[in-house]
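In what follows, a single structure is set out as structure tokens and then discussed.
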2 protein chains.
Amino acid sequence: MTEDATHPTTAGPPIGIGDLARHSGCKPETVRYYERIGLLPDAARSEGGQRRYYQRTVRRLTFIRHARDFGFSIEAVRELLKMADHPEMPCDEVDAFAKHHLAEVESRLQRLAALRDELKRMVTQCAGGRVESCRIIEVLSDHRLCHQRGEHGGAMR
Amino acid sequence: MTEDATHPTTAGPPIGIGDLARHSGCKPETVRYYERIGLLPDAARSEGGQRRYYQRTVRRLTFIRHARDFGFSIEAVRELLKMADHPEMPCDEVDAFAKHHLAEVESRLQRLAALRDELKRMVTQCAGGRVESCRIIEVLSDHRLCHQRGEHGGAMR
DNA sequence: GCTTGAACCTCTAGTTGCTACAGGGATTAG
DNA sequence: CTAATCCCTGTAGCAACTAGAGGTTCAAGC
């Protein structure tokens, strides 16, 4: 992906790293980090050497932040970006990627839903009681959770 | 929390760090790490200096792993354990904890559910197509996600 | 009772994904 | 033109583990 000042829509003047970060919900340090590890291309520079960005990069960074927020690892994001950068490729890889992550996402969802239910129950029923009657602690101690709903998951690779 | 060889049920002989780890779905290194940072008490030792554990610790470690898996930070887990260790305490703190985390958990749930739907759609519809028609990449690029479903979340404090 | 191999010990260093300085230069509003 | 703000590079720190080096202990089989 390269910078393109002649983009038809919303081209405007290039923006600085701070604005880019603000638009995508992260910090300038994070942007520089992504550039360093190659998720973002080397930015164009002003006369004085400061980074200048166009809309393409806002979109790319937004993509990265969403994918990270969904729990994809940096390496998984790198894969996704490679696919997004080559839209003429057949879909097989994205498809395989989806299959690989679907089960993991579903198991996380179920476990999170169980936690939400417990938190909800507590907020509505717990006021004034004592810790011994709080089921959240019981729920977290219950080993059957593992077998009922799949193993502990780490980051998505 | 101290080790108690005289626990009535399932007392049996003490177990080593490897068995403890296996029972709780983590590695010996992680157990030693938790001991070092004070989530687990200093373990009893064999004559030769190896760690020996009783059922209490299996339960405590299971609790910790579940809480971590649900996305609670180590410091959040420390809070929860403090509450679990003092069941005579009034419930207020656990209640406050629940309130504080409920919104975060719900927003994560919604975003994860959106991702699951996309992954599912892809797995069923995408075979044989090309990347340009894969909506997962579109969805991840769409900034409206942020405003519709809450901001990007980090670890739960 | 002895051997042997797996499991364990401590200590240190590496990993991932950022985040926070320090010590300086660039840009821009007034 | 100057002050405030932004940005630069480089390094170091953080959370939450994970992996190794180099040595010790345990327990099962003979």
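Below, chains carry the letters A, B, ... as their sequence lines are ordered, and counting in each starts from 1. Quick note: numbers below take in every heavy atom, side chains included, and nothing from hydrogens, waters or symmetry partners.
- Toward the 5′ end of DNA chain C lies the nearest nucleotide of B/Gly16, the other residue of the pair A/Lys27 and B/Gly16 mapping further downstream.
- Spacing between atom CZ of A/Arg68 and atom P of C/dT16 amounts to 12 Å, rounded to whole angstrom units.
- For A/Glu75 and C/dT16, the CD to P distance is 8 Å, given to the nearest whole Å.
- Taking atom CD1 on A/Ile15 and atom P on D/dC7, their separation rounds to 10 Å, with Å as the unit.
- Over its full length, the helix from C/dG1-D/dC30 to C/dG30-D/dC1 turns its helical axis through 20°, comparing axes from the five pairs at each end and rounding to 10°.
- Summarising the geometry, the separation between CG on A/Asp42 and C1' on D/dT9 is reported as 14 Å, rounded to the nearest angstrom.
- Note: CZ (B/Arg65) to P (D/dA16) measures 11 Å, nearest angstrom.
- Straight-line distance from the CG atom of A/Leu20 to the C1' atom of D/dC8: 16 Å, rounded to whole Å.
- Using a 4.5 Å heavy-atom cutoff, the side chains of A/Arg68 and A/Tyr34 are in contact.
- You'll find the side chain of A/Leu80 reaches within 4.5 Å of the side chain of A/Phe63, heavy atoms only.
- Rounded to an integer number of Å, the gap from CG of A/Leu40 to C1' of C/dG17 is 14 Å.
- The shortest side-chain heavy-atom distance between B/Tyr54 and B/Pro14 falls under the 4.5 Å cut-off.
- Listed for the B/Thr30 side chain is no donor-acceptor partner under 3.5 Å among the backbone atoms of B/Cys26.
- In this entry the distance linking CZ of A/Arg45 with P of D/dC6 reads 19 Å, nearest Å.
- Close to D/dT25, at under 4.0 Å from its OP1 or OP2, lies no side-chain N or O of B/Arg51.
- B/Arg52 and B/Ala43 get closest at one heavy-atom pair: O-CB, 4.3 Å.
- B/Arg60 places a side-chain heavy atom less than 4.5 Å from the side chain of B/Pro41.
- In this structure, the side chains of B/His23 and B/Leu61 stay at 4.5 Å or more apart for every pair of heavy atoms.
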Contact string for nucleotides 23-30 of chain C, one letter per nucleotide 5' to 3', B = base within protein heavy-atom range under 4.0 Å, S = sugar-phosphate only, - = neither, reads --BSS---
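- Taking 4.5 Å as the limit, every side-chain heavy atom of A/Val77 sits out of range of all side-chain heavy atoms of A/Ser73.
- Listed for the B/Arg51 side chain is no donor-acceptor partner under 3.5 Å among the backbone atoms of B/Val31.
- Interatomic distance, CZ of A/Arg45 versus CD of A/Gln50, reported as 9.0 Å (0.5 Å rounding).
- A donor-acceptor pair is defined here as one N or O able to donate and one able to accept, closer than 3.5 Å; such a pair exists between the side chain of A/Thr62 and the backbone of A/Val58.
- Annotation: proximity of residues 30-39 of chain B to DNA chain D (heavy atom, distance under 4.0 Å) is found for B/Thr30, B/Tyr33, B/Tyr34, numbered in ascending order.
- Both B/Ile17 and A/Glu29 lie near DNA chain C, and the one whose nearest nucleotide falls closer to the 5' end is B/Ile17.
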